[in-house]
There are 2 protein chains.
Amino acid sequence: MPLKNTGTEQLIKDTARRLLFAEGKLHATTQEIADAAGVNRTGLHYYFRSRDQLIAAIFDEAMQELSQRLNDCMMADQPFKAKTKHIIRVFLRHMVAFPYQETFLVTEINTLGKKLIANIKSDPVKAYLHEAAAEMEKGHIQKMDPVHFLMNLFSLLSYPLIMAPLYKKLFQVSAKEFNALIAEREGIIMGMLFKK
Amino acid sequence: MPLKNTGTEQLIKDTARRLLFAEGKLHATTQEIADAAGVNRTGLHYYFRSRDQLIAAIFDEAMQELSQRLNDCMMADQPFKAKTKHIIRVFLRHMVAFPYQETFLVTEINTLGKKLIANIKSDPVKAYLHEAAAEMEKGHIQKMDPVHFLMNLFSLLSYPLIMAPLYKKLFQVSAKEFNALIAEREGIIMGMLFKK
DNA sequence: TTTTTGTTAGACAAAAATGTCTAAATAAAA
DNA sequence: TTTTATTTAGACATTTTTGTCTAACAAAAA
């Protein structure tokens, strides 16, 4: 609600987003958020009144963004394969930056996410699913319920990044090596989804 | 530490596991756990002394189990394809029951999971990766770093179940319909991983 | 029956986290 | 310079959660 825009409000939101969505600290306290942002905890209340409202704000914006990204990608005027490649690139980049966002959304969906239904438009998704079905008819991709195709796409995109800390240990690879693996994912995923 | 085994200790652990891993209530309080188990909160301290130790106990057991399941599946004396199908079946069943377990492990890995490295044996995984590489040579599956193959497998298995609450809304399907989709996953995943 | 063990109940202390208030300091705008 | 908005500092109340202690109770074991 402040009149001047000094960037502090945004700074707090960005910091909270970073802690929650990038670092996976799902129960960061107001103190931790304020400290990480380098502001006084009082300032956090000055801008957001309560922790809940801060969380709600970034939750909403995250949903908004996600919905936007989904729409932009899926409504793009491109052939299906190029469009899919673009989805992979866009969402992979986002997952690298904020691997825990979806996890957060899902585990907090019960307490925060009732309005979620309203926010996400399902039309672009439906249109994309329709295109996928057409591609199956043409024999470019395996025949299946298009919903499976989409779940496969998002699974292959997202899960390795969510599991990164575990995988580094399980596969005994360094952070550098793991990044190299992730950089290969675009090609791998395309290879999984489309027939040669 | 109790002498008689009345099952209460196990009941508390099972309940905590259910709340955390099945229902996704990642910050369930001692009171909530006690209530859900139908025991007095004091009893929780009687058996585990502190919340942290209760969490640590189920965390450890979960890691233990996961490691065991992984080993059993991957060391099984079976041809690669059958073995993989078995992995899918076993892990899918587990994901249906406890979709948030891996999420929990990953987000708590920083605070609890140092000993994780010790617990998980990477030999069986390495052996499986080796078999996968051999299958690629034979042309049964696409050529790629076997680590990608394994990440693909687990991604396709796990992610849809983690995202279930979101997907039900995004795809506008009922719980029943979603279950039907999940029941189809085994075939879908096999189709994705192996060449026809 | 007596004893031990498990379990509950309630009161309470301690800690952690949130939220409120006031006063002062800072900095930009008028 | 005066004013206004932003930000900090500190004290403090409130709430939530955890942890401790003691007494009582129930039930199985000795």
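Naming convention: chains lettered A, B, ... in sequence-line order (proteins, then strands); numbering from 1 in each chain.
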(request) When you get a sec, tell me which of dG10(C), dG19(C), dT8(D) is the closest nucleotide to the side chain of R51(A)? (result)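 The closest nucleotide is dG19(C).
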
(message) Please pick, from dT17(D), dG19(C), dT18(C), the nucleotide with the shortest atom-to-atom distance to any side-chain atom of T30(A).
(response)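 In terms of side-chain proximity for T30(A), the closest of dT17(D), dG19(C), dT18(C) is dT18(C).
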
Given atom [atom1] of [X] and atom [atom2] of [N], what is their separation to the nearest angstrom?
{"X": "E32(A)", "N": "dA16(C)", "atom1": "CD", "atom2": "C1'", "answer": "11 Å"}
{"X": "H45(A)", "N": "dG10(D)", "atom1": "NE2", "atom2": "C1'", "answer": "15 Å"}
{"X": "Y46(A)", "N": "dA23(C)", "atom1": "OH", "atom2": "C1'", "answer": "15 Å"}
{"X": "N40(B)", "N": "dT20(D)", "atom1": "CG", "atom2": "P", "answer": "15 Å"}
{"X": "L44(A)", "N": "dT6(D)", "atom1": "CG", "atom2": "P", "answer": "16 Å"}
{"X": "Q31(A)", "N": "dA16(C)", "atom1": "CD", "atom2": "P", "answer": "13 Å"}
{"X": "H27(A)", "N": "dA16(C)", "atom1": "NE2", "atom2": "P", "answer": "15 Å"}
{"X": "L54(A)", "N": "dA17(C)", "atom1": "CG", "atom2": "P", "answer": "16 Å"}

(request) Would you state whether a donor and an acceptor, one from the side chain of R41(A) and one from the base of dG19(C), lie under 3.5 Å apart? (result)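 Such a pair exists between side chain and base.
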
(message) Under 4.0 Å, heavy atoms only, any strand: does S50(B) hit a base, just the sugar-phosphate, or nothing?
(response)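 Sugar-phosphate contact only - S50(B) comes under 4.0 Å of backbone atoms but never of a base.
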
(request) Nearest-nucleotide wise, let me know which of T42(A) and A28(A) is further upstream toward the 5' end of DNA chain C. (result)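 Comparing both residues, the 5'-ward one is A28(A).
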
(request) For F98(B) and F104(B), run side chain to side chain contact (heavy atoms under 4.5 Å, CB included): C-alpha distance rounded to whole Å, both residues' side-chain angles, the deciding distance at 0.1 Å, then the answer. (result) CA-CA 10 Å; F98(B) 299 106; F104(B) 181 85; over 6 Å; no

(request) State plainly whether one hydrophobic cluster holds both M75(A) and L170(B), where clusters connect Ile, Leu, Val, Met, Phe, Trp and Tyr through side-chain heavy atoms under 4.5 angstrom apart. (result)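 Cluster IDs for M75(A) and L170(B) differ.
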
(message) Under a 3.5 Å threshold, yes or no: a donor from one side chain and an acceptor from the other, between H148(A) and R185(B)?
(response)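 The answer is yes; a qualifying pair exists.
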
(request) Return yes if a side-chain donor-acceptor contact under 3.5 Å exists between D14(A) and Q10(A), otherwise no. (result)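 Yes, because at least one side-chain N or O of D14(A) sits under 3.5 Å from a partner of the opposite role on Q10(A).
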
(message) Ignoring hydrogens, what is the shortest heavy-atom contact between L19(B) and A36(B)? Give both atom names and the distance.
(response)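 Closest approach of L19(B) to A36(B), heavy atoms only: CD1-CB, 4.0 Å.
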
(request) Any strand is fair game: report the nucleotide pairing with dA30(D) by Watson-Crick or G-U wobble, both distances under 3.5 Å, or none. (result)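 Partner of dA30(D): dT1(C).
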
